Novice: 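Submitted below is the structure of interest, expressed as structure tokens.
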2 protein chains.
Amino acid sequence: MKDEIEYSDEACNVHHRAIQDTMDILSGKWKLRIVGSLSLNKKRFMELKAHINGIAAKMLSKELQDLEMNGLVKRTVIETKPITVEYELTAYGHSLKPIIDQMVIWGIQHRKRLKD
Amino acid sequence: MKDEIEYSDEACNVHHRAIQDTMDILSGKWKLRIVGSLSLNKKRFMELKAHINGIAAKMLSKELQDLEMNGLVKRTVIETKPITVEYELTAYGHSLKPIIDQMVIWGIQHRKRLKD
DNA sequence: CTGTATCCTGTAAGATACTG
DNA sequence: CAGTATCTTACAGGATACAG
């Protein structure tokens, strides 16, 4: 369609679109924090809320729904006296680990770098 | 300070803070796209604008300033007839590559997965 | 060409109160 | 305990016009 193209245009689009797709799934202030928290172990709603500093119930609820809809998180209702709900990462959710790991690595060395 | 703690609390805080730090640096809709684009090669302002589908000049300008302030991007003014400005990743900016790579990988396989 | 200056809007996200 | 319902606000981000 165009005349002057640098690189493989198709490859470039795929690249861009992939970044965009990933960012869409992980959009918002809390999703990565939630996934990061659940990657350690399954947690109940209030445990998550306590573990993720500063999140409001409404936000946690909404973000969990998003994550569940995208197949990253599994929600299990347990019929205890007052009901309990457990959230855990699906296998697919765990596949985000490499991304999170890289962000942790980068964030740690970035903070170290700033102290110079 | 607390009584019941699972895991190393300190390690957990570091983990969370690192994710947060990284997200702060890369916050917003465009930064990762910009870094991704510049990771291929240096570009002028209008080239970037053309390459990154849909970004407005104001946004591009602002995001580039943020990235420059954080030492990820280097801005070079070239005294041509109408001046030109080149943007390129610094070594530090290139250190984000592992994160971007992982997001590209994940995004691509995610899109493939959705086609099932 | 490389931006900045305005103006405007939608939406993310916080606070608070309430329900099963 | 695990949320939902409202209300409110701040700010990211878009459109447009203009400047050096």
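Worth saying up front: this structure is predicted, and the values here are computed from it rather than measured.
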Novice: Give a yes or no on this: more than 12 heavy atoms of other residues, nucleotides or ligands lie within 6.0 Å of atom CG of B:D24.
Specialist: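 Yes, because the 6.0 Å sphere around CG of B:D24 holds more than 12 heavy atoms from other groups.
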Novice: Give me the atom names and distance for the closest heavy-atom approach of A:R33 to A:K29.
Specialist: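 Minimum heavy-atom separation between A:R33 and A:K29: CG-O, 4.1 Å.
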Novice: Which pair of heavy atoms, one from B:E47 and one from B:R44, lies closest together, and at what distance?
Specialist: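 The answer is OE1-N, 2.8 Å.
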Novice: First contact, last contact: which nucleotides of DNA chain D are these for chain A, 5' to 3', heavy-atom distance under 4.0 Å?
Specialist: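 Using the under 4.0 Å cut-off, the span is D:dC1 to D:dC7.
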Novice: Group every Ile, Leu, Val, Met, Phe, Trp and Tyr by side-chain heavy-atom contacts under 4.5 Å, then state whether B:L38 and B:I78 land in the same group.
Specialist: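 Different clusters: B:L38 never reaches B:I78 through Ile, Leu, Val, Met, Phe, Trp or Tyr contacts under 4.5 Å.
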Novice: Could you please spell out the steps behind the side-chain contact (heavy atoms from CB on, under 4.5 Å) verdict for B:L64 and B:E68?
Specialist: CA-CA 6 Å; B:L64 282 170; B:E68 195 190 357; over 6 Å; no
Novice: I want to check something: taking the side chain as every heavy atom from C-beta on, are B:H15 and A:S37 in contact at a cut-off of under 4.5 Å?
Specialist: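 Side-chain contact under 4.5 Å: no.
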Novice: Is it the case that one hydrophobic cluster holds both A:L40 and B:V14, taking links as side-chain heavy atoms less than 4.5 Å apart, direct or via other members?
Specialist: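 No, A:L40 and B:V14 fall in different hydrophobic clusters.
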Novice: For residues 73-86 of chain B, which residues have at least one heavy atom under 4.0 Å from DNA chain C?
Specialist: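 Heavy-atom cutoff 4.0 Å gives B:R75, B:I83, B:T84, B:V85.
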Novice: Heavy atom of residues 53-70 of chain A under 4.0 Å from DNA chain C: which residues?
Specialist: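 Heavy-atom contacts with DNA chain C come from A:K58, A:M59.
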Novice: Provide the closest heavy-atom pair for B:M23 versus A:G28 in the form atom of the first, atom of the second, distance.
Specialist: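 Closest approach of B:M23 to A:G28: CE-O, 3.7 Å.
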Novice: For B:L60 and B:K49, which heavy atoms make the closest approach, and how far apart are they?
Specialist: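 Closest heavy-atom pair between B:L60 and B:K49: CD2-N, 3.7 Å.
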Novice: For the backbone of B:K58 and the side chain of B:K62, can you confirm whether one donor and one acceptor N or O come within less than 3.5 Å of each other?
Specialist: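 Between the backbone of B:K58 and the side chain of B:K62 there is no qualifying donor-acceptor contact (under 3.5 Å).
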Novice: Determine all donor-acceptor pairs shorter than 3.5 Å in which one atom belongs to a side chain in residues 83-109 of chain B; sequence neighbours excluded.
Specialist:
unit_1: B:T84; atom_1: OG1; unit_2: B:T80; atom_2: OG1; d: 2.6
unit_1: B:Y87; atom_1: OH; unit_2: B:R75; atom_2: NE; d: 3.3
unit_1: B:T90; atom_1: OG1; unit_2: B:G71; atom_2: O; d: 2.7
unit_1: B:T90; atom_1: OG1; unit_2: B:L72; atom_2: O; d: 3.2
unit_1: B:T90; atom_1: OG1; unit_2: B:Y92; atom_2: N; d: 3.2
unit_1: B:T90; atom_1: OG1; unit_2: B:G93; atom_2: N; d: 2.9
unit_1: B:Y92; atom_1: OH; unit_2: A:Q109; atom_2: NE2; d: 3.3
unit_1: B:Y92; atom_1: OH; unit_2: A:H110; atom_2: ND1; d: 2.5
unit_1: B:S95; atom_1: OG; unit_2: A:W106; atom_2: NE1; d: 2.9
unit_1: B:S95; atom_1: OG; unit_2: B:Y92; atom_2: O; d: 2.4
unit_1: B:K97; atom_1: NZ; unit_2: B:D101; atom_2: OD2; d: 3.2
unit_1: B:W106; atom_1: NE1; unit_2: A:S95; atom_2: OG; d: 2.9
unit_1: B:Q109; atom_1: NE2; unit_2: A:Y92; atom_2: OH; d: 3.4
unit_1: B:Q109; atom_1: NE2; unit_2: B:W106; atom_2: O; d: 3.3

Novice: Quick check for you: name the first and last nucleotides of DNA chain C, 5' to 3', having an atom under 4.0 Å from a heavy atom of chain A.
Specialist: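 Span of nucleotides near chain A: C:dA13 to C:dA15.
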Novice: Going by side chain to side chain donor-acceptor pair (under 3.5 Å), name the residues that satisfy it together with B:R113, two or more places apart in sequence or in a different chain.
Specialist: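 B:R113: no side chain to side chain donor-acceptor pair (under 3.5 Å) contacts found.
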